[in-house]
Amino acid sequence: MASTAPPASATRTVLTTEARLFAREPAALFWVMVSPTLLLVVLGLIPSFREPSADLAGRRVIDLYVPVAVLFALIMAGLNAMPPVLSGYRERGILRRMSATPVRPATLLTAQLVLHAAAALVSSLLVIAVGRTAFGVALPGNLPGHLLALLLAVAGALALGAAVCAVARTQKAATAVGTAVFFPTMFTAGVWVPVQAMPGTLRRIVEFTPFGAASRALDETARGGWPSLLALGVMALWAVVLTGTAIRRFRWE
Amino acid sequence: MPMIEVQDLRKAYGARRAVDGVTFSVEEGEIFGILGPNGAGKTTTVECVAGLRAPDTGRIRVAGLDPVADHDRVTRLLGVQLQRSELQARLTVREALDLYASFYEHPADHRALAGRLGLDAHLDVQFAKLSGGQKQRLFIALALIGDPRAVILDELTTGLDPRARRDTWTLVEDVRASGVTVLLVTHVMEEAQRLCDRIAVIDRGRVTALDTPAGLIDRTTTARTISFAADTPLDRADLDALPGTTAVTARDGRTVVTGTDATVDAFVRLLARRAVTARGLRITDTTLDDAYLDLTS
């Protein structure tokens, strides 16, 4: 009897095909790969942001904005770029067409998650590299800890985007819900005011949100320490809850 | 063993019974048509056959396999072209063929397939930039790319111009000639009459007739229609007396006699006997259209 598993090459072909399609979307490429670094460069051109500040315990504004720009990249990938793609695939029957082949449409969704995760990570590296070379921002003091916090933050951002697709039934709704969620996440990631510069009470509240917790963990590890268990726990919990929501609520058509 | 067997299929969406007891079977090598008005349950029926929807009750077999329980194996035997389903907008024809070919262990030669479907010149065109006919041909190629034993073609020629439509029909005949069983969903009479060996007419979720196209036409009450200008000097009584006449009516300045072949023969003899010329004479066969209107409400 013939095996019932599709050829192993199918998963690879889906991934390479989706990667090519991703590279054909200039707007998504700009927002995910370029705009976070651009944000950092624009802020870095403001002279006072390159001066040590007494309010920030001797750190510079630009130092705080490297993790912010990293989180901005994750938000752009997970919440801005990915939901319209996934819900469009559902709405236009692309997932349904694929269910009529030996390959499950989940393969396509997985490829999208992998690609957006990879794009977010590459964009993060670009931010850190430009921060280091252009503005002398020190590389993360605790590299393994920083990487752990970054990976958890990526998982949270993609889970949030996937949950948006699951809750919103149409591409229009996904874009609308995505935009509505976008501003609170930008705020809690510290894009307007870095989390570390927020007043105490607000800061403690924000650190219970996925990106607020990520900001704390990235900052702690950038300064050479280990991320606090509370921050990691909050991030992990959000990732699990949002992934669960996405899986439970997702409709294939 | 029939290639496709559907027995007493029922599927409801909430309170609406989309399919309400449909039974038919498709023999190997046949082009079997499912004909019916919009919303009659045609698409739901074939989606159940493809295993994309689970029936509420009833039994479906594709080459002896249950499309839901044995979904993976059925997808290897059954190619589909679905209504309202698209591809990634920026995917080129070549990439689409490569992608779908990678899904199957023994795909058809997709370069040859592209040639056969006239897609050779469009291999580097992105899906969103293809014309309706090119998209439809690409979907047929994707339905055939797994080298299936049967294909479902749902509303194949919707939105195509007359030439593209005829080319597509020739293509379906080629597909069958290569040994593939075809389950064709349509609401285009001409298409059903031209292509199908047998047709199931579905209306409101039920099969109202299942026969060859000729058989369906024969079932209708009127087989022939004779019409001519109303000022032709013929007596109404003579027309009523023609053998097999079922009705004589006046419509738009024309007299219309409906009847059978015998009516036509006797009518021609009547003209000769009276030495009358019937101006604008037209004799028409009942078409599948008339049969269809008879069979659906």
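Per chain, numbering begins at 1; letters A, B, ... match sequence-line order. What you see below is based on every heavy atom in this structure, not just the backbone, and it leaves out hydrogens, waters and symmetry mates.
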### Query
Got a salt bridge between A:Arg97 and B:Glu47, using NZ or NE/NH1/NH2 to carboxylate O under 4.0 Å?
no
### Message
One pair to check against side-chain contact (heavy atoms from CB on, under 4.5 Å): B:Thr92 and A:Arg24. What are the steps and the verdict?
### Response
CA-CA 11 Å; B:Thr92 66; A:Arg24 280 176 205 160; 4.2 Å; yes
Residue part contacting chain A, namely of [X], when any heavy atom lies under 4.5 Å:
| X | answer |
| --- | --- |
| B:Asp98 | backbone |
| B:Gln126 | side chain |
| B:Leu142 | both |
| B:Ala96 | neither |

### Task
Give a yes or no on this: more than 12 heavy atoms of other residues, nucleotides or ligands lie within 6.0 Å of atom CZ of A:Phe182.
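Counting other residues, nucleotides and ligands, CZ of A:Phe182 exceeds 12 neighbours.
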Working to the nearest 0.5 angstrom, can you tell me the gap between [X] [atom1] and [Y] [atom2]?
| X | Y | atom1 | atom2 | value |
| --- | --- | --- | --- | --- |
| B:Leu99 | A:Arg20 | CG | CZ | 9.5 Å |
| B:Leu87 | A:Tyr89 | CG | OH | 10.0 Å |
| B:Arg90 | A:Leu21 | CZ | CG | 9.0 Å |

With side chains defined as the heavy atoms from C-beta onward, is the minimum distance between [X] and [Y] less than 4.5 Å?
| X | Y | result |
| --- | --- | --- |
| A:Leu108 | B:Gln88 | yes |
| B:Phe103 | A:Val14 | yes |
| B:Asp72 | A:Pro102 | no |

### Query
Counting only N and O atoms by type, is there a donor-acceptor contact under 3.5 Å from the side chain of A:Arg92 to the main-chain atoms of B:Glu86?
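Such a contact is absent between A:Arg92 side chain and B:Glu86 backbone.
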### Query
Quick check: does any side chain N or O of B:His71 sit under 3.5 Å from a backbone N or O of A:Ser99, one acting as donor and the other as acceptor?
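The answer is yes, because a donor-acceptor pair under 3.5 Å joins these two groups.
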### Task
Return the option, out of A:Arg96, A:Arg12, A:Glu18, with the maximum number of heavy-atom pairs under 4.5 Å with chain B.
A:Arg96
#### Entry: Closest approach of B:Ser102 to A:Ala10 (non-hydrogen atoms, all atoms of both residues)
O-CB, 3.4 Å
